[in-house]
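Only one structure is covered here, and it is reproduced in the block below.
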Amino acid sequence: MIDRSDYFGGDLATHKVNLEALIKREDFNASAGSKPKQGTASTFKLDELQKDKLYYKVLRKPDFQRITDNWTPEMIVDFVVSFLDWDMIPSIILWHSQDTGNVFVIDGAHRVSALIAWVNDDYGNGSISREALNFEVPNKQIEFHEKTKALMAERKIGDYTRLYAIGLNPQGEDAITVNRAKAIGTRQLYVQIVDGDGDRAQESFLRINNNPATIDPTELSVIRARRKPNTIAMRAILSRGTARTYWEKFSATTKKQIEKFGLEAYDLIFGELNEISANSPDIPRAGQPYSHEAFTMMLDMVNRLNQIKDSMWKTAKKRAKKLQDSGLADDADGSQSIKFIKKVIRANKLISGRHKESLGLDPAVYFYGETGKIHPFAILAALEFAEDLRQRDQLKSFTKVRNKFEEFLVKYKTFINEIGHSKGSRTRPVESMKSMLLTIFECMKSGTTGNREIIDTIRSDSRLTDVAKKLDPENLDQQPPQKNFSKSVERVAVIHTILQGRSRCSYCKARMTPDGRCKDHKKRVQDGGLGTLKNLQFTHFYCNTGAKESEHAKKVKAGKHENKSS
Ligand SMILES: [Zn+2]
């Protein structure tokens with residue numbers, strides 16, 4: 001049955017329904033220490049989940065609980081059908097707060113939300129969700145709302161109101177439908193009430209979920225550190241500035257800033273989302289933000305860019321209360337979280353987006369491996385590589401060799417996979433990948449352009465000793481061929497096609513992504529160039545401003561050159 005999957009999804013990360021808004025969040029700490037109510041109802045019926053019913057209105061989930069977006073349309077429909085068909089359903093665990101009078105869902109938020117979704121016809125784009133999102137529902141979320149509704153109809157359940165009406169007036173309907181309709185009025189959902197105070201309820205939650213099979217240890221650490229600026233920053237970015245509950249306590253101005261910067265960072269990192277298939281116009285920049293991979297990548301990105309080490313914020317296996325001792329303090333007013341997000345924005349602006357400093361690194365070149373899969377460590381490595389070049393004032397030198405540099409990466413995509421397979425901590429491959437990028441750059445810069453020579457240099461690099469043995473270009477195509485095109489073959493083909501089809505920067509000749517393309521006057525405006533088709537060319541943003549302008553300045557040697565964009 002659907003049970004522990006409440007907290008941990010499989011790999012269908014792109015096919016999830018967002019039910020987050022259906023149960024309101026409440027700060028659990030406010031209730032810590034308070035005594036539970038006696039006599040809390042131990043069952044409830046479906047119609048009490050209608051949005052205008054009092055029982056629905058007092059339902060809460062603890063602010064530390066994971067976002068309720070881990071079920072597929074199929075899981076939601078299956079669960080509702082199970083309920084209506086009287087299948088066994090594990091009980092929900094609740095806790096009743098003395099302080100606020102509200103009832104917290106400690107375990108079973110996805111199950112209760114699935115029922116609320118059906119009863120209120122809201123699978124992410126109904127009236128409750130829309131209002132919670134200020135009527136700005138992401139397209140993906142709308143799509144899954146519609147998908148779930150369609151599946152409900154296909155499975156002959158349809159809307160709650162329809163089935164309810166059949167229950168009242170069953171003439172002419174088939175027996176199964178009538179029985180299901182009656183279940184709305186007769187079946188009760190059993191709940192287990194945690195007795196004890198708020199601390200005990202929080203411990204129950206952590207204990208229920210403190211098992212790698214139910215929740216990833218990283219996610220548990222993030223829950224425990226939910227008031228720290230690094231986790232607030234990563235939540236703000238991943239949710240595109242909508243996971244309000246994590247910064248609810250801050251001032252109105254701070255909240256606005258967190259939401260604005262969260263959105264900006266998200267757009268820089270993830271860009272337009274696509275799925276990889278034969279008809280994809282492009283590939284996703286950084287994978288799917290719903291996925292577990294994205295969750296850990298974002299956490300690593302925030303931490304690495306802000307020099308936060310695990311020992312500063314993680315308290316493994318200890319009681320949540322002991323958090324205060326670690327190096328990184330909770331963010332009391334949100335200012336630290338904002339600082340963290342801004343660091344992420346600054347770093348990402350260097351590799352993506354439409355800004356004058358953007359190198360517009362092509363994800364197909366840098367982030368995707370030989371099997372057409374995206375590798376989060378490669379994203380982090382590219383970010384840090386670019387940042388390293390900026391700090392050492394090497395961006396112009398990079399632009400000079402960029403085309404050859406990227407051709408090498410494309411030719412030896414298998415290196416990304418080999419580095420990814422190397423053992424060690426999650427961020428170990430980031431270090432190796434970054435070192436490899438730096439080594440290739442240094443080779444090219446010093447005029448070593450033969451592939452064999454570069455590979456030999458990489459293999460003799462002391463920073464790469466643990467992976468160097470594996471980096472063997474002869475080691476390709478090991479998989480036995482199949483008759484049909486596997487998903488992986490399709491992905492590889494799509495990436496190859498995209499790599500071939502990319503237009504080239506007129507300045508550095510390397511590939512450009514469509515959104516990394518900048519209009520450029522061949523003959524500069526300052527020199528009398530016009531806005532004609534003949535005088536138009538496309539370049540990377542950085543190539544247009546940073547590289548080209550500085551070259552011009554050198555030529556003019558006027559010494560008082562203004563850095564205007566052409
Ligand atoms: Zn360029």
Side-chain angles (χ1 to χ4, degrees), residues 63-64 66-67 215-241 243 245-247 249-250 254 257-259 261-262 264-266 268-270 286-287 289 292-351 375-388 390-391 424-435:
D63 58 349
F64 55 78
R66 267 192 66 181
I67 290 182
I215 187 164
D216 176 83
T218 308
E219 296 197 35
L220 206 58
S221 304
V222 168
I223 288 170
R224 287 201 155 107
R226 66 191 181 280
R227 304 201 189 288
K228 300 201 179 293
N230 60 335
T231 69
I232 296 173
M234 67 88 80
R235 299 262 195 211
I237 299 168
L238 265 188
S239 72
R240 211 165 174 255
T245 166
Y246 298 103
W247 49 85
K249 289 227 191 111
F250 303 148
T254 304
Q257 285 204 310
I258 292 181
E259 282 159 27
F261 292 132
E264 186 181 351
Y266 176 102
L268 274 172
I269 297 164
F270 294 100
H292 181 68
E293 267 186 344
F295 184 90
T296 51
M297 175 193 74
M298 198 49 64
L299 182 64
D300 292 342
M301 192 188 285
V302 169
N303 285 342
R304 289 179 69 93
L305 292 173
N306 290 283
Q307 282 88 46
I308 302 302
K309 297 207 163 57
D310 276 1
S311 58
M312 294 165 70
W313 68 279
K314 265 190 184 177
T315 46
K317 288 176 196 155
K318 290 281 174 307
R319 284 172 65 93
K321 276 191 262 175
K322 302 237 170 92
L323 278 173
Q324 316 307 333
D325 318 331
S326 54
L328 183 65
D330 288 356
D331 194 356
D333 61 3
S335 57
Q336 199 67 6
S337 304
I338 292 174
K339 239 177 81 189
F340 280 19
I341 305 173
K342 280 183 163 173
K343 265 269 174 66
V344 171
I345 291 176
R346 185 173 142 82
N348 277 281
K349 270 185 161 174
L350 189 54
I351 67 166
H375 293 275
F377 73 83
I379 302 176
L380 298 176
L383 260 183
E384 294 182 15
F385 167 68
E387 187 62 45
D388 184 279
R390 164 156 69 189
Q391 279 171 16
S425 68
R426 195 169 71 224
T427 51
R428 181 66 167 278
V430 181
E431 295 296 338
S432 299
M433 183 74 190
K434 186 168 72 178
S435 302

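Fair warning: this is a prediction, and the values are worked out from it, not measured in the lab.
- To the nearest 0.5 angstrom, Met297 atom CE is 13.5 Å from His375 atom NE2.
- In terms of the ring pair (Phe, Tyr, Trp, His ring centres under 6.0 Å) criterion, residue partners of Phe385 (sequence neighbours excluded) are, by chain and number, Phe398, Phe405.
- The salt bridge (charged side-chain N to carboxylate O under 4.0 Å, His left out) with Asp330 is formed by just one residue from the set Lys249, Arg227, Lys228; it is Lys228.
- Expressed to the nearest 0.5 Å, how far CZ of Phe340 lies from CG of Asn306 amounts to 4.5 Å.
- A distance-only check finds no donor-acceptor pair linking the side chain of Ser221 to the backbone of Lys314 [under 3.5 Å].
- Looking at Arg304 and Glu431, a side-chain N of the basic residue comes within less than 4.0 Å of a carboxylate O on the acidic one, giving a salt bridge.
- The shortest heavy-atom contact between Tyr266 and Pro289 is OH-CG, 3.2 Å.
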- Task: Verify side chain to side chain contact (heavy atoms under 4.5 Å, CB included) between Ile345 and Leu268, making sure each step is shown before the conclusion.
- Result: CA-CA 7 Å; Ile345 291 176; Leu268 274 172; 3.9 Å; yes
Check against side chain to side chain contact (heavy atoms under 4.5 Å, CB included), Asn348 and Met301:
CA-CA 10 Å; Asn348 277 281; Met301 192 188 285; 3.5 Å; yes
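- Scanning all heavy atoms of the two residues, the minimum distance from Ala265 to Val344 falls at CB-CG1, 4.5 Å.
- Using a 4.5 Å heavy-atom cutoff, the side chains of Ile338 and Lys342 are in contact.
- Contact detail for Glu259 and Gly241: the closest heavy-atom pair is CG-O, 2.9 Å.
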Kindly determine whether Leu305 and Glu387 satisfy side chain to side chain contact (heavy atoms under 4.5 Å, CB included), including the steps that lead there. CA-CA 10 Å; Leu305 292 173; Glu387 187 62 45; 5.5 Å; no
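- Residues Gln307 and Met312 have side chains not in contact (no heavy-atom distance under 4.5 Å, counting atoms from C-beta outward).
- Here Gln391 contributes atom CD and Glu384 contributes atom CD; the two are 10.5 Å apart, rounded to the nearest 0.5 Å.
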**OP:** Could you walk me through whether Val222 and Phe295 pass side chain to side chain contact (heavy atoms under 4.5 Å, CB included), step by step?
**Re:** CA-CA 10 Å; Val222 168; Phe295 184 90; 4.0 Å; yes
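- Residue Asn230 comes nearest to Asn303 through the heavy atom pair ND2-OD1, 3.0 Å, listed as atom of the first residue, atom of the second, then distance.
- A heavy-atom distance below 4.5 Å is found between the side chains of Ile237 and Val302.
- Distance check: Leu383 CG to Arg346 CZ gives 12.5 Å after rounding to the nearest 0.5 Å.
- Asp333 contributes a side-chain N or O that, together with a main-chain N or O of Ser335, makes up a donor-acceptor pair within less than 3.5 Å.
- Note that the CZ atom of Arg224 and the CH2 atom of Trp313 stand 11.0 Å from one another [nearest 0.5 Å].
- Side chains of Met298 and Ile269 form a contact here, defined as non-hydrogen atoms less than 4.5 Å apart.
- At distances below 3.5 Å, at least one donor-acceptor pair connects side-chain atoms of Arg226 with backbone N or O atoms of Ile223.
- The two residues Gly334 and Ile258 make their nearest non-hydrogen contact at O-CD1, 4.3 Å.
- Leu350 contributes atom CG, which lies 4.5 Å from atom CZ of Arg390 (distance to the nearest 0.5 angstrom).
- Considering only heavy atoms from C-beta on, Phe270 comes within 4.5 Å of Leu238 through its side chain.
- Listed here is the closest heavy atom pair of Met433 and Ala378: CG-CA, 4.3 Å.
- Judged purely by atom type and a 3.5 angstrom limit, Asp331 uses its side chain to pair as donor or acceptor with the backbone of Ser337.
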